[in-house]
Novice: 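Structure below; questions to follow.
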Amino acid sequence: MRLGRSRAVVLLWLALVTASAWAQGPAPGPHNAITDVPGISVGHFTGGDAGTTVVLAMSPTGQGVGGGVTQRGGSPGTRETDLMRPDNLVEAMNAIVLSGGSAYGLAAASGVMRCLEDRGIGFPVGGGNVVPIVPAAVSFDRATCGRPAASRPDFTAGLQACVAASSGAVEQGSVGAGTGAVSGGVKGGIGSASVVLPNGIIVGALVSVNSEGTAYDDDGELRAASLELGHEFSALTKAGGHRHRVPPSLPGGPLRSGTNAVVATNVQLTKSQATKIAEMADDGISRAISPAHTAGDGDTLFVLGTAQLAMATLGDDNAVVTQIGTAAANAVSRAIVHALLSAKSSSCQPSYCDAFPSACRNRR
Amino acid sequence: MRLHTALAALFALLTVAPVTIAQTLPQTPGPKNAITDVPGIEVGHYTATNGAGGMTGTTAIIVRGGATAGVTQRGGAPGTRETDLLRSEKAVGTAHAVVLSGGSAYGLAAADGVTTCLEGQGIGMPVANGAIVPIVPSAILFDPGRCAPFNFRPDASFGMSACRAATNGPVQMGNVGAGAGARSGGNKGGIGTASAVLPNGVVVGAIVAVNSAGRTFDATTGDFFAGYTQAGSDAAVRTAQATPEADREELLRATTIAVVATNARLTKAQANKMAQMADDGLARAIRPAHGIGDGDTVFALATGTVTAAPNITQIGGAAADALSRAIIRALLAADGIHTGTCNVSSYCELFPQRCSR
């Protein structure tokens, strides 16, 4: 590969920055995914036009984990979000389901419940019986070229996503809940990211980007590109202003879109703390997508704390919550960039890289 | 000038302040004394029994033309879906059905069956690309494992069957649908419904599945806590004494879920207000209510055929009393179960003189 001198200098500089970041600052975990948080595993089910993604969570003692939610989009489709309010009884979540299929896709959560019940995972209700706690959020699949979706996630989709879950690398792009996703005028999808903080806190995010607004500005630049950690966006360059036509965005409307997300951390969280972190993490959607939280967006964001680290060992509760919330917002923004860079063009929506090839000209 | 302003203010107060706020009891029920007295509201039950005293089921409240909907969720252990969408600031204001179901969180699957059923009938909200999405909020109660294996519970097929059984006729009460396996303060709970026709033609109805940790009546006298809503109630005749303390219900083992409906035209915010006020009817009829192990959730539906400006305080107050009455009627309609080792007494077995069925 021939490199121009200036480009070589830039690469050297990037390498140095990366190395110094590893040495002293926050850096992505080994998978740069939500699965870098111990206790988290992710499974996708990918159907023809739509799919389901499940995030399973387990504490070191094999229990569910503290969780919170924020729901700011105007067209939500949700399950068990009332239960997650801090004033309500159940403290431990077992899984979060993100799904396509609009309200029909809520059925996938029932499949995940069956999968977990078979493993004895859930809220104990006596007699050895459990009720798995599986909150869920859905969105409408729009990557169908104006046709009705030929398939949508059901009970079986949730069951299969749960069975497929692993703690390894997370497949991104047009998979799982992101299968039918569109972001503005380009193909949306699943993205994930993580960060390891110097004090041992790990924060990961998984986002299904299906937004009415765009993740790129009028010049085609990705709004959250500056939040890159290390070299994670693989030599993303300038989109080049108006040399490329910005693809027209799909029209918005009630129940049309929704960017749903899960944030996880290895810290033990109460429901109140998780709810606060959810509110801060949601800013990551606001920064990466504009407009966000529209009347037609479902935008729901969940937080899970897998309790590997006790809050008390890390310092003042509020300071730690702020630290996690700050890192989570950035991880959500970065995951949205990963989603757009990973998605492949479909028949009616170009990928970001096909719409703005000059931005991706140096990417592998 | 000042006097003029004061007089104008007084006049405005006199004309605006509705004199009809005070609720008159007893309420005047509609012909069916059921939520189906509200035009456009249909109810369908599906009930499963296992032959050993175990019962569970699903109740679907269908409104084919769609209704403006609201919700309040005050119990500490809820199992719900689509309640976020019902908040006043969200874009979608219409619901096509509300599903009440047994089965704890597993029973949320019944709403999937109702959603599919309505889609098959072309009922739903048009979205895009030719798709329609029925809006089907739902809440569940805890009944698994009562005289039955733990996995004896509603699934999507229960919702489909309840949806297909829906009619605007009389509504069966007692051990049916979502109330089939329900218990209330150690006695048999169940489904109850009631309606009230207000002087201005507004109709209010309620349907409830009573599965409460708290009691609905004085254990010694049999007096219902909300007995004041009943017309000409008989003097208490003590014939038996209920167990002084309710069975110690475990966590998640309770939940009273309800739907109130009206033919008034309400905004979504007003529908949410109606649900909040109706919830007071639950609080008056059940003690304690909204406990940490209760999932108590109340939905409100407004079909909007009466277009006059609504008096939301009157409607909410009437919905509260109708809900109290529906809770009493649920207890009166419930049958005791005495099958082998499965034993739960009904109110009417404890206080037969107070039951004219």
Side-chain angles (χ1 to χ4, degrees), chain A residues 69 71 73-83 85 87-90 101-104 106-111 113-114 117 122-134 136-137 140-142 144-149 152 154-155 250-251 253-256 294-298 300, chain B residues 71 73-87 89-94 103-113 115-116 119 124-139 142 144-145 149-151 155-156 250-253 291-295 297:
Chain A
V69 64
Q71 200 294 299
S75 288
T78 54
R79 243 174 96 131
E80 297 290 31
T81 48
D82 288 317
L83 171 147
R85 291 206 312 271
D87 49 343
N88 283 336
L89 169 78
V90 174
S102 191
Y104 302 103
L106 290 172
S110 296
M113 285 186 72
R114 167 68 62 81
E117 185 190 24
F123 184 92
V125 290
N129 298 308
V130 294
V131 177
I133 305 300
V134 185
F140 182 76
D141 307 291
R142 302 180 295 158
T144 57
C145 302
R147 298 187 315 270
R152 59 189 175 215
D154 56 8
F155 181 95
L250 287 184
L255 294 177
R256 295 265 185 119
T294 68
D297 280 327
T300 304
Chain B
V71 67
Q73 197 293 300
R74 283 178 57 206
T80 56
R81 55 175 259 172
E82 296 290 31
T83 49
D84 287 318
L85 173 145
L86 296 182
R87 294 211 306 272
E89 75 274 21
K90 303 302 178 189
V92 177
T94 301
S104 188
Y106 297 105
L108 290 173
D112 299 327
T115 306
T116 314
E119 184 194 26
M125 182 169 168
V127 184
N129 306 341
I132 60 165
V133 178
I135 305 299
V136 184
S138 178
F142 191 99
F150 188 73
N151 63 1
D155 58 16
E250 293 171 47
L251 294 179
L252 280 177
R253 296 229 161 193
I292 190 69
D294 285 319
T297 305

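Order of the sequence lines fixes the chain letters, A, B, ..., with proteins taken first and strands second; residue numbering starts at 1 for each chain.
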Novice: Work out which heavy atom in A/Val130 is nearest to a heavy atom in B/Phe150; give both atom names and the distance.
Specialist: O-CE2, 3.4 Å
Novice: Taking every heavy-atom pair that is under 4.5 Å apart, which of A/Ser110, A/Gly74, A/Gly77, A/Gly296 has the most such pairs with chain B?
Specialist: A/Gly74
Novice: For B/Asp112, is it the side chain, the backbone, both, or neither that has a heavy atom closer than 4.5 Å to a heavy atom of chain A?
Specialist: side chain
Novice: Any chance you could measure B/Ile292, atom CD1, to A/Asp87, atom CG, to the nearest 0.5 Å?
Specialist: 8.0 Å
Novice: Got a sec, which residues hit side chain to side chain contact (heavy atoms under 4.5 Å, CB included) with B/Pro149, two or more places apart in sequence or on another chain?
Specialist: B/Asn50, B/Asn151, B/Phe152
Novice: Rounded to the nearest 0.5 Å, how far apart are CD of A/Gln71 and CZ of B/Arg87?
Specialist: 5.0 Å
Novice: Taking the side chain as everything from C-beta on, heavy atoms only, tell me whether B/Pro144 gets closer than 4.5 Å to A/Asn129.
Specialist: no
Novice: To the nearest 0.5 Å, what is the distance between CD1 on B/Ile135 and CG on A/Leu255?
Specialist: 5.0 Å
Novice: Considering only heavy atoms from C-beta outward, does the side chain of B/Thr80 approach that of A/Leu83 to under 4.5 Å?
Specialist: no
Novice: What is the minimum heavy-atom distance between A/Asn88 and B/Gly75, and which atoms define it?
Specialist: OD1-O, 3.1 Å
Novice: Heavy-atom distances under 4.5 Å only: say whether A/Pro251 touches chain B with side chain, backbone, both or neither.
Specialist: neither
Novice: Please flag which part of B/Pro134 lies under 4.5 Å from any non-hydrogen atom of chain A: side chain, backbone, both or neither.
Specialist: both
Novice: Judged by atom type as modelled, is there a donor-acceptor pair below 3.5 Å linking the side chain of B/Lys90 to the main-chain atoms of A/Gly298?
Specialist: no
Novice: With a 4.5 angstrom heavy-atom cut-off, which part of B/Ala131 approaches chain A: side chain, backbone, both or neither?
Specialist: side chain
Novice: Return the CD to OG1 distance between B/Glu82 and A/Thr78, rounded to the nearest 0.5 Å.
Specialist: 5.5 Å
Novice: Grab the two heavy atoms, one from A/Pro132 and one from B/Tyr106, that are nearest each other, plus how far apart they are.
Specialist: CD-OH, 2.9 Å
Novice: Between A/Pro254 and B/Val127, which heavy-atom pair has the shortest distance, and what is it?
Specialist: O-CG1, 4.0 Å
Novice: How long is the span from the OG atom in A/Ser102 to the CD1 atom in B/Ile132, to the nearest 0.5 Å?
Specialist: 11.0 Å
Novice: With sequence neighbours left out, write down each residue that passes side-chain hydrogen bond (donor to acceptor under 3.5 Å, both in side chains) with B/Thr94, or none if nothing qualifies.
Specialist: none
Novice: At their closest point, which heavy atom of B/Ala77 faces which heavy atom of A/Leu89, and how far apart are they?
Specialist: CB-CD2, 4.0 Å
Novice: Using a cut-off of under 4.5 Å on heavy-atom pairs, state which of A/Gly73, A/Cys145, A/Ser75 scores highest against chain B.
Specialist: A/Gly73
Novice: Taking the side chain as C-beta and beyond, is there a heavy-atom pair between A/Val125 and B/Phe142 under 4.5 Å?
Specialist: yes
Novice: Looking at B/Thr116, B/Leu108, B/Val92, which has the largest count of heavy-atom pairs under 4.5 Å with chain A?
Specialist: B/Leu108
